[in-house]
K.L.:
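The structure's right below; bear with me while I get my questions together.
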2 protein chains.
Amino acid sequence: MTQNSNAALFLEKKLLGSLPGLSIDCVIFGYKNHELFILLLQWKHDNMWSLPGGFIHKDEDMDKAAYRVLKERTGLDSIFLSQFHTFGNRDRIGKEHENSLKKRQLLLKELYKNQPKIIEWLNKRFITTGYFALVDINQTNPKPDFMTIQCAWQSIKSIPSTIMDHREIIEKALQQLRIQLNYLPVGLSLLPTKFTMQDLQKLYEAILQKKLERSNFQRKMLKLDVLVRHEKQMTGAANKAPYLYSFNQEKYDLLLKKGIGLSF
Amino acid sequence: MTQNSNAALFLEKKLLGSLPGLSIDCVIFGYKNHELFILLLQWKHDNMWSLPGGFIHKDEDMDKAAYRVLKERTGLDSIFLSQFHTFGNRDRIGKEHENSLKKRQLLLKELYKNQPKIIEWLNKRFITTGYFALVDINQTNPKPDFMTIQCAWQSIKSIPSTIMDHREIIEKALQQLRIQLNYLPVGLSLLPTKFTMQDLQKLYEAILQKKLERSNFQRKMLKLDVLVRHEKQMTGAANKAPYLYSFNQEKYDLLLKKGIGLSF
DNA sequence: AATTTATTATGTTAATTTGACACAATAATA
DNA sequence: TATTATTGTGTCAAATTAACATAATAAATT
């Protein structure tokens with residue numbers, strides 16, 4: 001129980017110093033093996049999965065809070081992060097299975113039985129603002145905290161059961177990622193510094209969820225004049241080795257400001 | 001003072017029944033004389049202008065609240081409305097000139113001197129979610145309420161002094177309008193049912209803030225296969241009269257779903 | 001009634017972009 | 001040395017674009 005008491009103490013300070021009724025949830029995108037992944041947490045009380053989230057301190061900018069939450073979960077700062085939607089449906093908590101909702105409420109009552117303020121704080125209706133992050137999956141080392149069993153990258157093709165409306169939040173993030181594609185640094189943020197043209201193409205295919213023609217994709221990308229070609233990469237495969245590329249960050253940033261203008 | 005008391009009573013019920021620390025602000029776009037306009041309110045206490053805004057009832061979906069606010073101000077329902085950003089900077093209230101902030105606080109204290117709960121409620125830090133609306137300016141009949149002197153359409157080329165960070169909110173709305181242009185029903189929602197090709201072109205020019213070539217614009221628009229041509233319109237001017245067009249709504253909606261895909 | 005004026009509808013053309021496919025180059029394997 | 005899979009580059013017809021040209025026309029002017 002000591003561990004629980006410590007945890008309770010920690011949470012009390014954190015919660016009562018935050019804005020009530022408001023939270024932040026992060027959809028953290030990574031890219032590996034030509035697939036898009038999202039970083040999710042699995043909770044102790046019911047094994048359900050959730051987005052890494054948190055609260056806004058009373059004297060903290062909301063965007064800063066999002067960066068802090070992200071840092072707490074991935075250890076990374078200076079990540080690309082962008083707000084995409086705020087979810088304010090009255091019944092958004094009710095989209096969860098009743099079973100796990102009850103379990104969590106019991107857990108909370110047990111944990112805070114002598115702290116009605118916290119119980120009250122947590123039982124409120126919450127409105128949450130969604131941010132999406134674009135990270136180089138190899139640079140992350142996510143770790144679970146005391147409320148969660150594990151913290152794992154899940155393919156967007158097989159998202160496990162989530163709490164509340166987190167599934168919906170993920171879908172909206174994906175949709176916004178597609179709509180804003182020409183204004184987001186997906187290439188620079190999701191790929192390692194050096195990458196092949198195939199990596200870049202498969203990334204676009206994963207986001208747009210459609211196949212693109214190889215040679216035409218290469219032509220379009222090179223004409224943007226933001227890629228730098230490096231030495232070839234010997235893959236070990238029985239075929240011609242591909243060149244490596246990286247972004248000229250200045251040119252890329254300039255291009256993003258007015259929109260890449262690609263249409264597929 | 002009776003009027004003020006009634007107003008205070010009305011507000012008390014409204015405020016204490018709403019979620020604390022959260023508000024909604026609407027950037028209502030209209031289009032007239034080939035220019036974009038925004039509907040703004042001018043306040044009694046300091047003559048500053050603000051976006052029409054409101055609060056979320058405790059049992060109300062946030063999107064519903066936005067529709068309600070809009071209805072209260074314009075009398076219109078079934079308007080195109082879309083959330084675009086949530087503003088959560090710690091000092092967003094501080095962006096206003098200190099002078100008018102003090103004036104408003106004095107006004108509130110006078111109005112609610114026996115209602116500390118309301119004073120407390122209103123003095124909180126607020127986070128606001130911005131929605132933009134696209135309306136046919138001719139269908140609206142905006143009226144000020146008891147807190148405001150007037151309610152007027154202002155050209156985006158000359159926005160008057162606003163309270164708090166409302167100027168910033170307007171800029172962000174315009175930016176999002178541009179980025180999402182290919183996914184928004186700007187033509188259908190901002191124009192009257194029947195319009196000329198010039199109307200449509202000037203609308204795009206107002207949003208994109210650049211000139212477009214007339215004959216090429218016409219060709220691109222017609223090829224989308226969403227416009228219906230009607231009889232000609234005799235303008236009274238000494239020149240050839242233009243055709244009128246309207247949207248085939250079904251086709252237009254279908255097109256919007258996957259994005260119009262126009263690039264200028 | 002003929003002429004002028006401003007604006008619209010439509011046409012033309014060269015340059016550019018696109019989609020679809022072809023083919024040679026090449027790193028490892030058989 | 002031949003085979004294999006994948007890459008870099010080329011080709012080419014079709015589509016699209018930007019820029020400009022021309023004809024149509026509603027009202028005003030003469």
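We name chains A, B, ... by the order of the sequence lines, and we start the count at 1 in each one. Because only heavy atoms are used, hydrogens play no part in the values below, and waters and symmetry mates are left out as well, while side chains stay in.
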K.L.:
If you take any heavy atom closer than 4.0 Å to DNA chain C, which residues from residues 254-264 of chain A end up in contact?
P.N.:
none
K.L.:
Not counting sequence neighbours, which residues clear salt bridge (Lys or Arg N to Asp or Glu O under 4.0 Å) with Arg167(A)? List them please.
P.N.:
Glu171(A)
K.L.:
Please report the distance, rounded to the nearest Å, between CG in Leu224(A) and P in dT18(C).
P.N.:
10 Å
K.L.:
Scan for ring-ring contact (aromatic ring centres under 6.0 Å, His included) pairs involving residues 174-203 of chain A, sequence neighbours excluded, and state none if there are none.
P.N.:
Phe195(A)-Phe247(A)
K.L.:
Could you encode protein contacts along nucleotides 22-30 of chain D as a string, one character per nucleotide from 5' to 3', using B for base contact, S for sugar-phosphate-only contact and - for no contact, with a heavy-atom cut-off of under 4.0 Å?
P.N.:
--BBBBS--
K.L.:
Would you mind listing every salt bridge (charged side-chain N to carboxylate O under 4.0 Å, His left out) that reaches into residues 225-243 of chain A, with sequence neighbours excluded?
P.N.:
Lys194(A)-Glu231(A), Asp225(A)-Lys251(A)
K.L.:
List for me each residue that meets salt bridge (Lys or Arg N to Asp or Glu O under 4.0 Å) alongside Lys223(A), sequence neighbours excluded, and say none if there are none.
P.N.:
none
K.L.:
Over how many whole Å does the gap from Glu213(A) atom CD to dC12(D) atom C1' extend?
P.N.:
14 Å
K.L.:
Can you list everything that forms a salt bridge (Lys or Arg N to Asp or Glu O under 4.0 Å) with Glu250(B)? Sequence neighbours excluded, please.
P.N.:
none
K.L.:
Over how many whole Å does the gap from Leu212(B) atom CG to dT16(D) atom P extend?
P.N.:
19 Å
K.L.:
For Glu205(B), enumerate each residue passing the salt bridge (Lys or Arg N to Asp or Glu O under 4.0 Å) test, keeping only those at least two apart in sequence or located in another chain.
P.N.:
Lys202(B)
K.L.:
In Å and rounded to the nearest 0.5 Å, what is the CZ to CZ distance from Phe37(B) to Phe29(B)?
P.N.:
13.0 Å
K.L.:
Cys151(A) versus Leu39(A): any side-chain heavy-atom pair under 4.5 Å?
P.N.:
yes
K.L.:
Please give, in whole Å, the distance from dT10(C) C1' to Lys223(B) NZ?
P.N.:
16 Å
K.L.:
Look at the rings of His34(A) and Tyr31(A) and say which category their plane angle falls in: under 30° parallel, 30 to 60° tilted, over 60° perpendicular.
P.N.:
parallel
K.L.:
Could you list the residues that satisfy side chain to side chain contact (heavy atoms under 4.5 Å, CB included) with Leu224(B), not counting sequence neighbours?
P.N.:
Met221(B), Val226(B), Leu255(B), Ile260(B), Leu262(B)
K.L.:
By the salt bridge (charged side-chain N to carboxylate O under 4.0 Å, His left out) test, which pairs, at least two apart or in different chains, include something from residues 77-86 of chain B?
P.N.:
Lys71(B)-Asp77(B)
K.L.:
Starting at CG of Leu244(A) and ending at C1' of dG8(D), how long is that distance when rounded to a whole Å?
P.N.:
14 Å
K.L.:
So if I take residues 192-206 of chain B and measure heavy-atom distances to DNA chain C, which residues fall below 4.0 Å?
P.N.:
Gln198(B)
K.L.:
Could you identify which residues of residues 215-222 of chain A place a heavy atom less than 4.0 Å from some atom of DNA chain D, listed by residue number, or say none?
P.N.:
Ser215(A), Gln218(A)
K.L.:
Any carboxylate oxygen within less than 4.0 angstrom of a Lys/Arg side-chain nitrogen, looking at Glu72(B) and Arg68(B)?
P.N.:
yes
K.L.:
Please check if the number of heavy atoms outside Lys64(B) that lie under 6.0 Å from its NZ is greater than 12.
P.N.:
no
